[in-house]
Every structure is written in C-alpha cells, then in structure tokens.
Amino acid sequence: MTATDTPPTDTAGDPDRRPVWAPGFWASAGAGLVIVGAALAVAELVAALGLWIGILNQAASPLQALGAAFIQLTPEWLKEFAIRTFGQHDKDALRGGMALTLVLLAVVVGLVARKAPRVAAIVLTVLIAVVLLAVYTRPSTVGPLDGVPSIIGGAAGVAVLGLLFRRTSVTTAPAAPPLAAPVEMPERRSKADDADTVPAPTGFAPDRRRFFKVAGLVAVAAVAGGAIARFLPSAADVAASRAGLKAPVPTDVQQIPSGISLDVPDQPSFITDNAGFYRVDTAFVLPSLTAQDWNLKIHGLVGNEISMNYDDLLDREQIERTITLTCVSNEVGGDLVGTATWIGARIDQILAEAKVQEGADCVLCTSVDGFTLTAPLDALTDGRDAMFAVAMNGEVLPQAHGFPVRMVVPGLYGYVSATKWLVDMKVSKFADEVAYWTERGWDAQAEIKTSSRIDVPKGFAQYSVGQEVTFAGVAWAQQRGIASVEVQIDGGDWQQAELSEPLSKDTWRQWKFGWKATDGLHTVRCRTTDGTGAVQIEDQTPPFPGGSTGYDSRSVTVS
Ligand SMILES: Nc1nc2c(c(=O)[nH]1)N[C@H]1C(S)=C(S)[C@@H](COP(=O)(O)O)O[C@H]1N2
Ligand SMILES: [Mo]
C-alpha cells in the first residue's frame, strides 16, 4: 500500500542488492483469509463487547447481520430448495453457503493484493460498505453505533493488508522509478529461499520473513479474538434464554369479569398487547441479561440481606394481576399508558423476608444498565399488588419490557417504580438517595394523576347531520379506581358516559358516549371522577415535573 522511503532494517545487507520477494499464489490466497478473518474477528469482538456493556445491538455483529441479510435476500425457490434438500439443516446449509462466499471473497482479496494492494484495499472497503448496508437494514433494533464494529474491523483488515503487502523500499538506486507499479514476480514457491528471490531491481516489494510472521501472528490473534467474542453474553443469548422459558403458572389468579371491554370499533383493546405496549426507557440499546445470569440483591436497611436468582424468584408464590402502567411523561390524550396481565412474585412478601428496618422509607432500584429509580417503601409493602414481574400477557417478559425481571407497582408512574432489568434493590431513605430522573428535577414521589382520554374519534372527524356517533375512550386512576366518566359537548352540561365493568382499581376502564350529530363544528371533552370522589384536574399542566393534568378534547365537524 503505502510506500516508504525508509529501508527495512530487519534484513541485512546492501540495500541495492536486497532481494525482492513477492508472495506466491497460495501465500496470497492465505493472506486474503488472514486479512478478512482478522477484520471479522475484530468486528465481532467489538460488537460482542458493545453488546455486553449495552451500547450496541445484535445487528452490530457483521456475521449476524450478514446472515440475516443472506436469509432475507435468498429467493423463495432457493429457500424452499434448501428446506427440501437439507430439511432441519437448512440453516446450516445457509451458513455453509455464507462461509464459502466469505472464503472466496477473502481469497480474491488476497490475490488482488498480490498484484495491486491498493485495489485490494478498495475491494475490502466495498465489502465493508456491504456489511454496513446489512447492519443498517436489519428489521430488528438497530442503533446508530451498530456499524462501528464493522468499520473498526474493516480498518483492521486494511491495516493487516498494508502490513502484509506494503511495498518496502529495497533500493536507493537513482534509476528507481518513483513509487513504481508492483514488480511482477514469477512464481517460485517450491524453491529455496535464495532461489525464491531475485536480485533487487528497482521498486518496492514485501519482505518474505515479515510476511509470514505477520500473517501467522494475525491469524492467531484473530482466532483468539473470535473465540473471546463467542464467549461474551449477547442478545442472541437473551433470545435463547427467553425461548427456553415459559411463563410460570400463577397460583393466585385474578378473575376477569365479562364486560371489561365495550368493544367500540377503533377503540384500543382493554389489554394492550406486548407488541403495541408503549416503551419508555433510557436504554440506548436493550440491556442483554439472561435468566441464568440474573440475580437480585436486596440490601441496605434490612435485617436479612437477600440474594436471589431466577429460580429462587420462581420458587416464591406467583400471582397474576392485570395492571395499568402509566408514564409520567404522558401528555393529556397521549398513549404512554397501557394495560397488561403480569405474573410475578409479591414484593411485599420478599421485603418481609428481608426484614426492613425502622426508618427506611424508600428503595433505590438499579437496573443492569445502571438506570436507577427510587420508589416509596409504603407502596411496596401496603398490600397492593406490587410485583417482581417475569411475564407479560402470558409471555415471558419481552426484552424491551425488562427481561428477565422488572417491577410493576400499581398507582405509581413507571419512573418511580417500574424498574426494568432489575438487579439491585437497596432499602434506604429518600433523604439519602437521588435517582436518574429525580436528579433531573422530576418529583421524587408522584402518584398517578386521575386521567381520561378520548380514543374515538382519533383526530378530527367528519360526520353527517343526524348520524349516530359513538365517542369512546379510557380513564385511569390506579389505586383509587374510576367511578364515572362524563362527556361535554361545546361547553354544555357534563353528561354521564357508559362505563365498562371494573376489573380492579388498578386498571383503566373504558367509556363510551352516544351522540346524535348536529350541524357545525363541535368540541368534545371528557373528564373522570376517581374512586375517592375527586374529579380530574381541569388545569392544563405539562408532564414535568409530576405528571400532566387537563381534559382531553376533540373537534368534530358535522355537515
Ligand atoms: N431500567 C429501566 N427501567 C425503567 C425505565 C428506564 O429508563 N430504565 N423507565 C421507566 C419508565 S419512565 C417507565 S414509564 C416504564 C415503562 O415501562 P415499559 O417500557 O415496559 O412500558 O419503565 C420504567 N422502568
Ligand atoms: Mo415513564
């Protein structure tokens, strides 16, 4: 690649007479394997490290991204052929095909480098671009940094290429053409060292001894790096860990009455499915923690420190509860609220085992990625269904929602209770702790504001005069329950909406309201009254610092 004027110092003798050596066909092909192998090993190692510390996604692994892209781009007929021919082993066949392709490309890189290292570097760069394309076009979670391992790996590959094929200056003869084209060398592999070389004419050439030394060292390092990469925990491990688990069978199941749903067309369902459940967290990429590696430490102001693993947690009684979760950042009318059926162990029972000491009033909860929150101890011990949840809507907790274990505490916003990827709980005092969001000015203690929302119609709607219209929505006031919902048209009287059957005071209730459309532009508002008789706050306040208030409204036109 880059020529240097400095004569090499590791070969003795008169520079003018320095022998020139060029790698033969097989040496070049092998060097190509070393170059591409080193690039992949570095990239995989960086990707695995990034995944491990939680700043990269699975897509950051070039082999995984390429493999997924390979599967995606394989035409249907070929896939069917593979399944027909290889049956269960169709994925192995695919992997084999990919490995073969990579080996061929590597050999091409090596052979090109033998004649024109610069061109080989360009070929490598194109390959890196292809890998980046594969990384960033994954339908799975991809973060902006996920291409970095491939770039670092690619740079390493180019560097190895340079080390192996760099033309070192072998002559100072004035006749030397400046940075001349590589010397064409006849193949003399089978001959002895001396015969393998010819007296240096002019120009530049690689050094034989260094070539094999570098190739050998890089090959060993690449194999070692690749091995390390395989042993680091990854999102693939998390997927495997989740796939190997089943939601536990709860022994304490909440009965769900009929009529919890009003079934108004276009109304969000009473249970929010996992794929549609809102997600809020500071995790740039999803933390990767397997059930096997999970461990929860409960310490601080306790008489009995607890360290429990996943099986220990499952040994506790499992309860099943349907609970509405809400984010403090939810704007009036927003969708950062959802209802799921959770299975897990009761926090109050486990804290009783830990023997909480006098004077404690909070817990500092830490997730595996370092996120912290403080939750009021009361809410965890007053008998409400606060839980260490392991399942969501009958499924093992999804990774995005805190796998393997998260907290769910009725009545509290997520940022002061619902720690995902929970690994540590310190029993403490509010006066002694700051947590991620409270440090940023959000209220240290905030109970969920009594709220209601219009879901139907979603935006501006148009109706015809005389049309029978149904407005619908939800209302929530976890821990207090919903007593009524009222609807107001154009600032008129508040009128009672019909409510779904209550499930518990910790779940939202659906409402609907029938209206016969009259000509003109109309504004519809809703408000709710909670189980304590308190009417929802009308004043509009933003989510910061303790949750939004105000009434949701819609404009509709009728003509
Ligand atoms: N580890 C971790 N847990 C977390 C958060 C977070 O950023 N990191 N965000 C909290 C917030 S603000 C909310 S509203 C809920 C959201 O839970 P969900 O993403 O499962 O809906 O998770 C809570 N738990
Ligand atoms: Mo939140």
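Source: prediction; values computed, not measured. Whatever order the structure lists ligands and atoms in, that order sets their numbers, starting from 1.
- Near Tyr415, meaning under 4.0 Å from any of its heavy atoms, are these atoms of ligand 1: 11 (C), 12 (S).
- At a 4.0 Å heavy-atom cut-off, ligand 1 touches Trp421 through the side chain alone.
- Under 4.0 angstrom from ligand 1, there are no non-hydrogen atoms of Tyr436.
- The closest heavy-atom contact to atom 6 (C) of ligand 1, among the options Leu412, Asp281, Leu397, comes from Asp281.
- Using a cutoff of 4.0 Å between basic side-chain nitrogens and carboxylate oxygens, Glu395 and Lys246 are not scored as salt-bridged.
- When heavy-atom distances to ligand 1 are checked against a 4.0 Å cut-off, Phe371 comes that close only through its side chain, counted from C-beta outward.
- Contacts classified as salt bridge (Lys or Arg N to Asp or Glu O under 4.0 Å) and involving residues 416-425 (residues at least two apart or in different chains) are given here: Asp281-Lys420.
- Only the side chain of Ser367 comes within 4.0 Å of ligand 1, counting heavy atoms alone; its backbone N, CA, C and O stay farther away.
- Proximity of Met407 to ligand 1 is not established, as no heavy-atom distance is less than 4.0 Å.
- If you number the atoms of ligand 1 from 1 as listed, the ones under 4.0 Å from a heavy atom of Cys327 come out as 14 (S).
- With Tyr436 as the aromatic partner, Arg440 meets the cation-pi criteria of under 6.0 angstrom to the ring centre and within 45 degrees of the ring axis.
- For the pair Asp385 and Arg321, the salt-bridge criterion is met [side-chain N within less than 4.0 Å of a carboxylate O].
- For ligand 1, the atoms sitting less than 4.0 Å from at least one non-hydrogen atom of Val280 are 5 (C), 9 (N), 10 (C), 11 (C), 12 (S), 13 (C), 15 (C), 16 (C), 19 (O), 22 (O), numbered in the order shown with element in parentheses.
- Between Arg525 and Glu486 there is no salt bridge, since no side-chain N of the basic residue sits under 4.0 Å from a carboxylate O of the acidic one.
- Cation-pi geometry between Arg527 and Trp494 is satisfied (NZ or CZ under 6.0 Å from the ring centre, within 45° of the ring normal).
- Each of the following atoms of ligand 1 lies closer than 4.0 Å to a heavy atom of Tyr278: 14 (S), 16 (C), 18 (P), 19 (O), 21 (O).
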